[in-house]
S.K.: 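Okay, here's the structure, questions in a sec.
The first residue of the sequence shown is numbered 1, and numbering continues consecutively from there.
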Amino acid sequence: MSQKGKYNDLMSAIKEDEEKKEELNRVDATLEQIREALTILQKLLEAIKEAKESSVTTQKGLDAATKSADNAISGICSAIVKAENTPIKAKLDDESLKQLHGNHVQWLGQEKKTLDDHHRQQEESWQKHSQRLTDIVKNNEGVWISTKLFYIVGSLSLLSIITIVMEFAFYVYFHWL
């Protein structure tokens, strides 16, 4: 065999070794991905088992609550039936009418007093508020903008807040995947 043939054989062997190493590296990378996926699947399986146990506990609680509600409804129905069967005696004589009228007049007097106090408090509050607004306008305090500008700025602010919240939500959602 000539030296050129030996050189070509040696180059072919080196090239084959390099291809084998590359293939081995690819297989190792794939194996590592499979291991990572297996770890994730095991964690998911544990989470599913915990969720199943939690749902069983929740189901038992819901069953107990249903039975309790059924018992309460039965008790209420029983009480209604007993109340329906209870005779009520009522009489309304002149003295009772006078007492009822007196209580009604007393109640109306209290309601009128309460309403008058409420109106007085509202009037005082309105006067204070009116005075404060007058002072603000006289001293040129505050920010005065048109309604159109207010809605434009408000809309842009709301849109900015919604955008920030959506970006945060997407970040959290994709971060946990």
S.K.: Group every Ile, Leu, Val, Met, Phe, Trp and Tyr by side-chain heavy-atom contacts under 4.5 Å, then state whether I162 and F170 land in the same group.
M.R.: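 They do share one cluster, since a chain of ILVMFWY contacts under 4.5 Å joins I162 to F170.
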S.K.: Between R26 and E23, is there a salt bridge with N-O shorter than 4.0 Å?
M.R.: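 Here E23 pairs with R26 in a salt bridge, since their nearest N and O are under 4.0 Å apart.
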S.K.: Using side-chain heavy atoms (C-beta onward) and a distance below 4.5 Å, is Q99 in contact with E95?
M.R.: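 A side-chain contact under 4.5 Å is absent here.
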S.K.: Are a donor atom and an acceptor atom from the side chains of D63 and Q59 found within less than 3.5 Å of each other?
M.R.: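 Q59 and D63 do have a side-chain donor-acceptor pair below 3.5 Å.
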S.K.: Are there more than 12 heavy atoms of other residues, nucleotides or ligands under 6.0 Å from atom CG of D117?
M.R.: yes
S.K.: Kindly indicate whether the side chain of L97, heavy atoms from C-beta on, has any atom under 4.5 Å from the side chain of H101.
M.R.: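 No. Closest side-chain heavy atoms not under 4.5 Å.
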S.K.: What's the spacing between L45 CG and E50 CD if we round to 0.5 Å?
M.R.: 10.5 Å
S.K.: Whether D116 and K112 form a salt bridge (side-chain N of Lys/Arg under 4.0 Å from carboxylate O of Asp/Glu) is what I want to check.
M.R.: yes
S.K.: What distance separates H129 NE2 from T134 OG1, expressed to the nearest 0.5 Å?
M.R.: 9.5 Å
S.K.: Is there a side-chain contact between S96 and L100 in this structure, where contact means two heavy atoms from C-beta onward sitting under 4.5 Å apart?
M.R.: no
S.K.: Side chains of H119 and L115: closer than 4.5 Å at any heavy-atom pair?
M.R.: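 They are in contact (side-chain heavy atoms under 4.5 Å apart), so the answer is yes.
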S.K.: Is there a side-chain contact between V81 and C77 (heavy atoms, below 4.5 Å)?
M.R.: no
S.K.: For the side chain to side chain donor-acceptor pair (under 3.5 Å) test, which of K128, R120, Q127 pairs with E124?
M.R.: R120
S.K.: Rounded to the nearest 0.5 Å, what separation is found between the NE2 atom of H118 and the OG atom of S125?
M.R.: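 So the gap between those two atoms works out to 10.0 Å.
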S.K.: Do L149 and Y151 belong to the same hydrophobic cluster, where Ile, Leu, Val, Met, Phe, Trp and Tyr are linked whenever their side-chain heavy atoms lie under 4.5 Å apart, directly or via other members?
M.R.: yes
S.K.: Any chance you could measure L24, atom CG, to D17, atom CG, to the nearest 0.5 Å?
M.R.: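 That separation rounds to 11.5 Å.
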S.K.: Supply the atom-to-atom distance I152 CD1 to T147 OG1, rounded to the nearest 0.5 angstrom.
M.R.: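 Result: 11.0 Å between the selected atoms.
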S.K.: Consider only side-chain heavy atoms of I, L, V, M, F, W and Y, link residues closer than 4.5 Å, and tell whether I40 and I48 are in one cluster.
M.R.: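 No.
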S.K.: Look up atom CD in E16 and atom CG in D9, then write down how far apart they are to the nearest 0.5 Å.
M.R.: 9.5 Å
S.K.: So, the side chain of T163 versus the backbone of L159: is there a donor-acceptor pair under 3.5 Å, distance only?
M.R.: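 The answer is yes, because a donor-acceptor pair under 3.5 Å joins these two groups.
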